[in-house]
Amino acid sequence: MSTNVQDIHEDHHHTPSGLMRWITTTNHKDIGSLYLWFSLLMFFVGGFMALIIRAELFEPGLQLVVPGFFNQMTTMHALIMIFGAVMPAFVGLANWQIPIMIGAPDMALPRLNNWSFWILPFAFTMLLSTLFFDSGGPAAGWTLYPPLSLQGGNSMPFVILSIHLLGISSILGAINVIATILNMRAPGMTLMKMPIFIWTWLITAFLLIAAMPVLAGAITMLLTDRFFGTSFFTASGGGDPVMFQHIFWFFGHPEVYILILPAFGIVSTIIPAFSRKKLFGYDSMVYATASIALLSFIVWAHHMFTVGMPLAGEIFFMLTTMLIAVPTGIKVFNWVATMWRGSMTFETPMLFALAFIILFTIGGFSGLMLAMTPADFQYHDTYFVVAHFHYVLVPGAVFAIIAAVYYWLPKWTGKMYSESLGKLHFWLTTIFVNLTFFPMHFVGLAGMPRRIPDYPVQFADFNAIASVGAFGFGLSQLLFIYILYNTLKRDVTAEDKVWDGAEGLEWTLSSPPPYHSFEKAPRVE
Amino acid sequence: MSNYKKTYVTLSSIVVFMFFFSYMLVPLYDIFCEITGLNGKTNQERIVDLNEKPTNRFVTIKFTSTVAGAGPFDFEPLEREMVVEVGKVYTTSYILTNQSNSLKQVTASPSVVPGAEAEYFKKIECFCFTQQEINGLETKELPLQFIIDDKLSSDTNTLILSYTMFNTTDQLGAK
Amino acid sequence: MKRIIYLLALVLPSQILADWQVNMPRGVTPTSEIAYDIHMLMFWVTVVIGVLVFGAMIYSIIYHRKSVGHQPAKFHESTKVEIIWTVIPFLILVACAIPATKALIMMEDTSDAGITLKVTGYQWMWEYEYLEDGVNFFSKIDNKSNNARRLNSGKDVNNVENYLRNVDNEVVLPTDTKVRLLLTASDVIHAWWVPELGGKKDAIPGYVNELWINIKKPGVYRGACAELCGKDHGFMPIVVRAVPKLEYEKWVSLKKDNRVAESQNIGR
Ligand code: HEM
Ligand SMILES: [Cu+2]
Ligand SMILES: [Cu+2]
């Protein structure tokens with residue numbers, strides 16, 4: 001412990017200013033802010049690609065881009081949104097919140113923390129630069145299935161290297177989170193007294209260190225297949241392309257829970273605060289999160305029911321996937337029970353959290369439908385799947401992130417955002433998100449495959465609606481930027497305890513909190 | 001401090017273990033395939049302890065072929081269909097023609113349908129065991145000798161054997 | 001709100017919704033019918049759960065708010081309630097899993113097929129080979145769609161009949177016959193899918209997958225490749241014409257007569 005505290009103090013004494021401050025910073029709040037700003041930037045980059053996709057799909061026929069470029073856009077959009085927007089946003093929230101929620105001065109590994117962030121800009125610059133190669137960027141989808149991904153141009157080694165870097169960054173971040181949570185809690189804060197957000201992040205961090213190395217393995221095999229004569233995935237050398245899918249989804253399904261568990265933590269923090277009532281069933285929330293995490297390692301093949309698995313395999317993966325709906329359901333029921341007979345108010349963070357519950361649950365419902373193998377033979381690789389994962393990821397993960405920003409922004413900055421603008425942002429976002437993604441259920445069921453740049457005219461109407469929704473959604477996020485800017489500029493100071501119903505150590509600190517969050521550890525009763 | 005150290009060491013070992021675990025999935029997957037007949041993978045080993053046990057049970061074997069990529073080949077089974085007795089050895093062959101002017105290296109990859117019964121299709125001699133070479137414009141007869149194991153499930157009365165012919169010439173050159 | 005629209009859409013007569021198809025087609029094969037039944041079962045299960053959960057939530061939002069002076073209650077756990085909402089969903093899922101498992105067993109049973117059709121995916125077309133009848137041909141997107149689809153083609157795709165859903169050579173299959181499809185590919189993974197004939201299956205280079213269909217109603221059924229296979233993935237449609245057995249046999253003998261000519265015309 002002593003060395004760590006010393007590290008932190010050293011920085012404090014010669015903090016450089018200007019740009020160097022940000023490059024060399026080891027302070028958890030600075031790094032948290034860097035992550036969050038970076039994530040916002042990537043959200044817009046990935047969003048811009050999504051708008052290219054939706055513009056092309058606005059009406060049947062090709063109007064804007066060639067199919068090859070369209071495929072690069074879908075691939076890049078997914079990689080950027082998952083690894084560049086959602087994951088870094090959660091890591092940013094972890095950096096800001098974990099120390100101030102557990103009563104620690106900083107994260108356990110401040111220097112490592114700095115590296116894990118600064119890897120990201122390099123990795124994404126490299127990834128994005130492949131779009132300017134003659135042979136273009138990756139175009140085989142974010143799932144990188146061989147043999148198609150092995151056909152890619154010169155961009156492939158660069159894409160793989162950048163995914164490796166992203167993986168390393170996440171793993172370092174996860175190690176830091178676990179080390180901090182396990183070793184730096186305030187005296188008296190036992191595991192079962194930790195704020196629920198801390199619990200969900202602890203479990204997410206374990207998922208990260210278990211899942212990311214598997215992705216690293218899978219893409220390394222792709223690389224050696226392409227350049228060093230191995231044949232893990234090529235039938236001509238005795239390999240099997242389906243094996244890639246198994247390894248990929250062994251990582252991939254835990255990954256989708258990496259993208260949602262911290263969101264569960266955020267919603268479980270915000271709902272009680274604005275219901276003025278303690279979280280219902282804290283213990284069962286913790287156990288549900290842990291069992292979702294464990295189950296997530298034995299359901300992977302539900303992404304590949306159509307590859308021709310043996311019957312027993314199909315039944316096994318169908319049943320385990322259905323089982324995962326039970327702990328997920330418990331969470332939703334607990335949130336509703338928390339609101340039940342509370343004393344609710346509807347500030348912006350609460351609005352986003354409520355929308356999360358309804359819309360995420362709709363995504364969970366379609367997930368349950370997808371879990372049914374006989375029906376999945378129809379749903380698989382259609383827009384129905386696209387609708388499913390966007391419901392869990394956009395009004396799911398992304399709404400939770402936005403809710404968290406509104407909830408903690410006054411704490412971070414010491415300034416209060418404009419509630420009326422926040423509400424406007426909420427309503428625009430919620431209306432457009434449904435306009436964008438709900439019609440995708442219909443075209444998917446009616447037979448529109450995913451990952452296509454053009455479609456038969458019978459799907460035209462719903463696609464036009466979805467495209468309008470997408471542009472509305474994108475434009476509404478400019479308002480979010482304005483709100484952030486406006487908050488920093490305006491002169492409305494926030495109190496230390498911003499929300500009267502909120503609980504937790506972070507609210508005992510000043511707004512904004514001091515540079516070293518808790519110089520002296522608080523005692524938790 | 002030791003507490004921290006323990007955390008780091010444990011976590012780093014999980015990371016390292018999981019990376020190697022992803023490679024361990026490769027042999028695990030093969031075992032899994034062999035047991036379940038996933039993908040109709042057949043046993044790629046030559047049967048050595050061969051003993052014919054005629055059973056007076058007859059099944060139909062259908063033969064089919066695919067040429068992978070833009071391989072300059074014509075590749076067809078000699079016989080499209082055979083009725084064979086379970087437990088007896090049979091011989092047939094595929095005909096491969098190299099339609100280009102240059103020497104080619106090829107590999108064939110077998111797949112049996114239904115996958116769950118693939119393990120009972122036992123090969124004694126097969127051109128798929130090794131890489132083959134074929135001269136420009138040459139036509140070759142590639143022999144196959146097989147036996148249907150008497151453990152074949154009694155509901156099965158048709159097996160389909162498919163070979164995909166891969167051109168591996170460039171791959172070798174490039175490496 | 002959206003749910004209501006969804007519901008209304010299902011109830012409305014299908015003619016009005018000609019271009020607004022919102023649901024999975026019931027299809028014309030045993031497998032497509034069972035997929036549809038499981039789909040509708042799960043849909044209604046989720047609707048009921050949704051009405052209950054969202055209903056409770058909305059009730060609470062209306063009546064348990066600070067602005068109407070509601071004071072917060074103090075409870076925050078109840079083992080009894082938690083057991084109930086663990087066990088009941090579990091039982092519901094078990095009840096759904098039983099028909100789904102039965103359906104799967106039925107879908108995977110490819111035995112006793114009447115004819116075998118081998119389907120090979122190429123970038124970007126399909127090859128069909130009728131193993132028993134010795135007919136084989138390639139099938140790719142028809143020229144009208146193919147010309148209209150290009151960037152700046154100057155053609156209005158709305159005027160192209162069956163835009164992106166038509167091919168040069170249709171697959172012809174007999175009705176009331178169990179057809180076993182063997183799926184494989186020559187280059188990358190593709191997936192063969194005609195919604196009205198049931199689910200899709202991947203066509204994987206080097207390996208062979210199976211799928212069976214038994215078409216109950218003569219007609220023309222259209223589908224497409226359903227696994228990203230490169231730049232023209234969106235442009236490899238599938239058309240199956242299902243005809244009575246006798247007519248199918250006539251078609252086969254005609255094809256056989258033309259076989260030599262065919263194979264010369266439709267080379268790759
Ligand atoms: C009740 C819980 C859930 C169930 C039962 C479920 C089930 C499924 C199934 C069966 C698929 C595969 C569909 C197909 O491709 O045929 C799928 C796809 C997907 N799910 Fe979920 N899911 C659930 C929750 C989530 C959550 C929480 C997330 C992430 C936040 C998520 C993200 C995704 C993504 C990204 C895909 C598509 C991956 C791809 O093909 O690119 N799901 N889900
Ligand atoms: Cu999954
Ligand atoms: Cu395709």
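This structure is a prediction, so every number in the text was calculated from the model and none was measured.
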Requested in this report: Anything under 30° is parallel, anything over 60° is perpendicular, the rest tilted; go ahead and classify A:Phe365 against C:Phe54.
Outcome: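 It falls in the tilted class, 30° to 60°.
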
Which of the residues [options] is involved in the greatest number of heavy-atom pairs with chain C at under 4.5 angstrom?
options: A:Val66, A:Leu323, A:Asn334; value: A:Asn334
options: A:Leu319, A:Leu279, A:Asp283, A:Val443; value: A:Leu279
options: A:Leu64, A:Thr338, A:Ile358, A:Val332; value: A:Ile358
options: A:Thr345, A:Ile330, A:Thr143; value: A:Ile330
options: A:Gln63, A:Gln151, A:Arg450; value: A:Gln151
options: A:Leu150, A:Thr74, A:Ile357; value: A:Ile357

Requested in this report: Test the C:Lys200-A:Phe305 pair against the cation-pi criterion, namely NZ or CZ under 6.0 angstrom from the six-membered ring centroid and within 45° of the ring axis.
Outcome: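 Output no; distance or angle outside limits.
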
Query raised in the report: Looking only at heavy atoms, which two atoms of C:Ala226 and A:Asp381 are closest? And how far apart?
Result: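 What the structure gives for the nearest pair is O-OD2, 3.0 Å.
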
Report task. Could you verify whether a donor N or O on one side chain and an acceptor N or O on the other, from A:Ser284 and C:Glu82, lie under 3.5 Å apart? Result ->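 On atom types as modelled, these side chains qualify, holding a pair under 3.5 Å.
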
Between [X] and chain A, which part of the residue has a heavy atom less than 4.5 Å away: side chain, backbone, both or neither?
X: C:Arg222; result: neither
X: C:Ile61; result: both
X: C:Phe235; result: side chain
X: C:Cys225; result: backbone
X: C:Met57; result: both

Between [atom1] on residue [X] and [atom2] on residue [Y], distance to nearest 0.5 Å:
X: A:His380; Y: C:Glu227; atom1: NE2; atom2: CD; answer: 5.5 Å
X: C:Ser67; Y: A:Met344; atom1: OG; atom2: CE; answer: 10.0 Å
X: A:Leu368; Y: C:Leu93; atom1: CG; atom2: CG; answer: 5.5 Å
X: A:Leu445; Y: C:Tyr36; atom1: CG; atom2: OH; answer: 10.5 Å
X: A:Phe333; Y: C:Ile84; atom1: CZ; atom2: CD1; answer: 11.5 Å
X: C:His233; Y: A:Leu148; atom1: NE2; atom2: CG; answer: 10.0 Å

Query raised in the report: How would you list, by chain and number, every residue that makes a ring pair (Phe, Tyr, Trp, His ring centres under 6.0 Å) with C:Tyr63, sequence neighbours excluded?
Result: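 C:Tyr63 satisfies ring pair (Phe, Tyr, Trp, His ring centres under 6.0 Å) with C:Tyr59 only.
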
Requested in this report: Answer with yes or no after comparing the ring centroid distance for C:Trp85 and A:Phe280 against a 6.0 Å cut-off, counting only values under it.
Outcome: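 Under 6.0 Å, so yes.
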
Requested in this report: Carefully, step by step, assess A:Asp454 and C:Tyr163 under the rule side-chain contact (heavy atoms from CB on, under 4.5 Å).
Outcome: CA-CA 10 Å; A:Asp454 191 5; C:Tyr163 177 60; 2.3 Å; yes

Counting only heavy atoms closer than 4.5 Å, note whether [X] contacts chain C via side chain, backbone, both or neither.
X: A:Pro146; value: backbone
X: A:Ala288; value: neither
X: A:Pro453; value: side chain

Query raised in the report: Between A:Arg341 and C:Gln71, does a side-chain hydrogen bond (donor to acceptor under 3.5 Å, both in side chains) hold up when you go through it step by step?
Result: CA-CA 8 Å; A:Arg341 295 179 48 211; C:Gln71 291 300 309; over 6 Å; no

Report task. Decide side-chain contact (heavy atoms from CB on, under 4.5 Å) for C:His64 and A:Met339; before the verdict, give the C-alpha distance in whole Å, the side-chain angles of both, and the deciding distance to 0.1 Å. Result -> CA-CA 8 Å; C:His64 305 152; A:Met339 289 155 46; over 6 Å; no

